[in-house]
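So the structure is just underneath, and the comments pick up after that.
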Amino acid sequence: LNVNGVVAVDRYFMQKISGKEANEISPEEFLKGIIYSESKEKLTIGSVIKESLEEKHVQIFFNNKNLVTALEDLGWDGAVVSRSCSGNCYYDFLGIVEANLSEESTSHLIDREIETFIFLEEGVIKRKAHIFLENTSESIYKAYIRLITPVDIGFGEVEVVGKTKSKLPTEVYGLEGWKEAGLYIELGPGEAKAVVFSWDGASKLDLDERGEYKLLVRKQPGSENYPVSIQVKYPQGLSVKGNSVYNTNLSKDFNAVISW
């Protein structure tokens with residue numbers, strides 16, 4: 001058997017195509033349903049596939065280097081890609097990766113919401129992210145949460161706020177040009193917690209000259225869509241063009257831009 005690549009799909013995609021829960025249909029039955037679908041259904045299936053690729057419910061990997069480049073350009077391969085800009089500009093990055101460590105697949109029963117605060121100051125950029133999690137399942141949810149950022153930053157202590165407030169041990173390490181901070185968390189049935197990350201780093205942005213701050217918020221492949229808010233705060237008197245507050249449903253990678 002000559003395998004030239006891999007196509008990964010999640011439960012959302014399988015439900016959208018088949019109309020059944022992922023555990024109610026075998027992979028073989030699912031593929032046959034696509035291959036042997038009627039002509040009038042193929043357009044609908046094609047539209048769902050395109051939407052699912054853009055929203056990262058489907059990811060593709062090929063061994064063919066030319067195809068790999070095309071997939072990277074489209075953002076369909078799941079890679080963590082850095083962006084850059086020239087002049088008086090900083091391109092920031094935020095990615096949250098949540099790995100379900102529970103015996104049962106209950107991550108789709110976890111309600112999520114992210115609040116992110118960016119503080120632009122002369123010579124430094126400070127950030128804070130509040131990750132709100134609520135377990136609506138009837139079992140204990142165990143997860144390892146990682147925050148991915150540019151490599152040129154430092155992390156503060158991570159707080160976990162539930163019925164009580166605590167600071168949990170956090171692993172921080174560099175990996176292939178990125179900085180990551182991760183921790184283990186548990187939520188009992190019906191329990192809600194907030195995980196608060198803070199990090200900052202030096203900045204060469206000159207706030208007295210025309211410039212731009214850009215932030216790419218990466219959606220985790222295979223994750224459900226969830227609300228994200230972004231607030232960019234800056235020194236009083238700075239004349240900012242465009243939005244400094246964003247509220248969105250993270251269905252795909254999101255770009256925030258402010259200029260002054």
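All figures in this text were calculated on a predicted structure; none of them were measured in a lab.
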Mind listing the closest non-hydrogen atom pair of Phe197 and Trp199 along with its distance?
O-CZ3, 3.6 Å
Please list, chain by chain and in numerical order, all residues satisfying side-chain hydrogen bond (donor to acceptor under 3.5 Å, both in side chains) with Glu134, sequence neighbours excluded.
none
Which distance, rounded to the nearest 0.5 Å, do you find between the CG of Leu133 and the OH of Tyr226?
9.5 Å
Counting only heavy atoms not in Lys233 (residues, nucleotides, ligands), do more than 12 fall under 6.0 Å from its NZ?
no
So which pairs with a foot in residues 36-107 pass disulfide (SG to SG under 2.5 Å), sequence neighbours left out?
Cys85-Cys89
Find out if a path of hydrophobic residues (ILVMFWY) with successive side-chain heavy-atom gaps under 4.5 Å connects Trp76 to Tyr12.
no
Are any of the side-chain heavy atoms of Ile17 and Val9 separated by less than 4.5 Å?
no
Heavy-atom closest contact (Gly222 atom, Asp10 atom, distance)
CA-OD2, 3.4 Å
With sequence neighbours excluded, give me every side chain to side chain donor-acceptor pair (under 3.5 Å) pair touching residues 177-192.
Arg146-Glu180, Tyr173-Glu180, Tyr184-Glu186
Around atom CD of Glu41, are there more than 12 heavy atoms of other residues, nucleotides or ligands at under 6.0 Å?
yes
The criterion is side-chain hydrogen bond (donor to acceptor under 3.5 Å, both in side chains); which residues satisfy it with Glu159, sequence neighbours excluded?
none
Heavy atoms, side chains only, cut-off 4.5 Å: are Val240 and Val232 in contact?
no
Lys214 and Arg83: side-chain contact (heavy atoms from CB on, under 4.5 Å), yes or no, with the steps?
CA-CA 9 Å; Lys214 302 181 178 183; Arg83 305 283 178 86; over 6 Å; no
Just jot down the side chain to side chain contact (heavy atoms under 4.5 Å, CB included) partners of Pro150, sequence neighbours excluded, or say none.
Tyr90, Asp92, Phe93, Asp152
Minimum heavy-atom distance Pro235-Leu207, with the two atoms named:
CG-CD1, 3.7 Å
Salt bridge (charged side-chain N to carboxylate O under 4.0 Å, His left out) with Glu51: which residues, sequence neighbours excluded?
none
Taking Thr106 for its side chain and Leu109 for its backbone only, find out whether a donor-acceptor pair lies under 3.5 Å.
no
Verify the neighbour count for atom CD1 of Ile140: are there more than 12 heavy atoms of other residues, nucleotides or ligands below 6.0 Å?
no
Side chain proximity check, Val58 to Ile49, heavy atoms < 4.5 angstrom:
no
Short side-chain to backbone donor-acceptor contact, Glu54 and Lys252, under 3.5 Å
no
Using a 4.5 Å cut-off on heavy atoms from C-beta on, say whether the side chain of Phe117 contacts that of His130.
yes
Where do Ser139 and Glu104 come nearest, in terms of heavy atoms and distance?
OG-OE1, 3.8 Å
For the ring pair Phe254 and Tyr246, is the centre-to-centre distance below 6.0 Å?
yes
Interatomic distance, Glu72 atom CD to Asp77 atom CG [nearest 0.5 angstrom]:
5.0 Å
Any non-hydrogen side-chain atom of Leu71 less than 4.5 Å from a side-chain atom of Phe61?
no
Check the hydrophobic clustering (I, L, V, M, F, W, Y; side-chain heavy atoms under 4.5 Å; chains of links allowed) and say if Val48 and Val7 are grouped together.
yes
Does the Ser18 side chain pair with the main chain of Lys20, one donor and one acceptor, at a distance under 3.5 Å?
yes
ILVMFWY cluster, Val217 and Ile153 together (side-chain gap under 4.5 Å):
yes
Kindly compute the distance separating CG (Leu74) from NZ (Lys50), expressed to the nearest 0.5 Å.
9.5 Å
Intermediate values then yes/no, side-chain contact (heavy atoms from CB on, under 4.5 Å), Ile145 and Ile131
CA-CA 10 Å; Ile145 299 176; Ile131 305 172; 4.2 Å; yes
Arg112 vs Leu250 side-chain heavy atoms within contact, under 4.5 Å:
no
Taking only residues two or more places apart in sequence or in another chain, which ones pass side-chain hydrogen bond (donor to acceptor under 3.5 Å, both in side chains) with Tyr91?
Asn255
Are more than 12 heavy atoms, taken from residues, nucleotides or ligands other than Lys16, located less than 6.0 Å from that residue's NZ atom?
no
Partners meeting side-chain hydrogen bond (donor to acceptor under 3.5 Å, both in side chains) with Asn135 (sequence neighbours left out)
Ser137
Does Asn247 offer a backbone N or O that forms a donor-acceptor pair with the side chain of Ser229 under 3.5 Å?
no
Does Thr170 reach the main-chain N or O of Leu168 with its side chain, forming a donor-acceptor pair under 3.5 Å?
yes
By salt bridge (charged side-chain N to carboxylate O under 4.0 Å, His left out) - contacts of Asp253 (at least two apart):
Lys56
Please round to the nearest 0.5 Å and tell me the distance separating atom CG of Leu31 and atom CE of Met14.
8.0 Å
Has the side chain of Lys32 got a donor or acceptor atom that lies under 3.5 Å from a matching backbone atom of Tyr36?
no
Taking atom types as modelled, is there a side-chain donor on Asn249 or Ser251 under 3.5 Å from an acceptor on the other?
no
Tell me whether Glu121 at atom CD has more than 12 heavy atoms from other residues, nucleotides or ligands lying less than 6.0 Å away.
yes
Shared hydrophobic cluster for Val97 and Val80 (ILVMFWY, side-chain gaps under 4.5 Å)
yes
Could you walk me through whether Asn243 and Ile230 pass the side-chain contact (heavy atoms from CB on, under 4.5 Å) test, one step at a time?
CA-CA 10 Å; Asn243 295 327; Ile230 302 165; over 6 Å; no
Please name all residues satisfying ring pair (Phe, Tyr, Trp, His ring centres under 6.0 Å) with Phe30, sequence neighbours left out, ordered by chain then number.
Phe13
Between Leu187 and Ala192 the two heavy atoms that sit nearest each other are CD2-CA, 4.2 Å
Residue set satisfying salt bridge (charged side-chain N to carboxylate O under 4.0 Å, His left out) with Lys128, at least two apart, ordered chain then number -> none
With sequence neighbours excluded, residues passing side chain to side chain contact (heavy atoms under 4.5 Å, CB included) with Glu209:
Asn88, Asp206
Take atom CD of Glu24 as the centre, draw a 6.0 Å sphere, and report whether it contains more than 12 heavy atoms from other residues, nucleotides or ligands.
yes
Determine whether Val195 and Ile185 satisfy the following criterion, side-chain contact (heavy atoms from CB on, under 4.5 Å), listing intermediate values before the conclusion.
CA-CA 9 Å; Val195 182; Ile185 189 171; 3.5 Å; yes
Answer yes or no: is there a side-chain heavy-atom contact under 4.5 Å between Leu120 and Tyr213?
yes
Enter the distance from Ile258:CD1 to Glu212:CD here, rounded to the nearest 0.5 Å.
9.5 Å
Within 6.0 angstrom of Glu122 CD, more than 12 heavy atoms from elsewhere
yes
Could you grab the distance from atom NZ of Lys142 to atom OG of Ser107, nearest 0.5 Å is fine?
15.0 Å
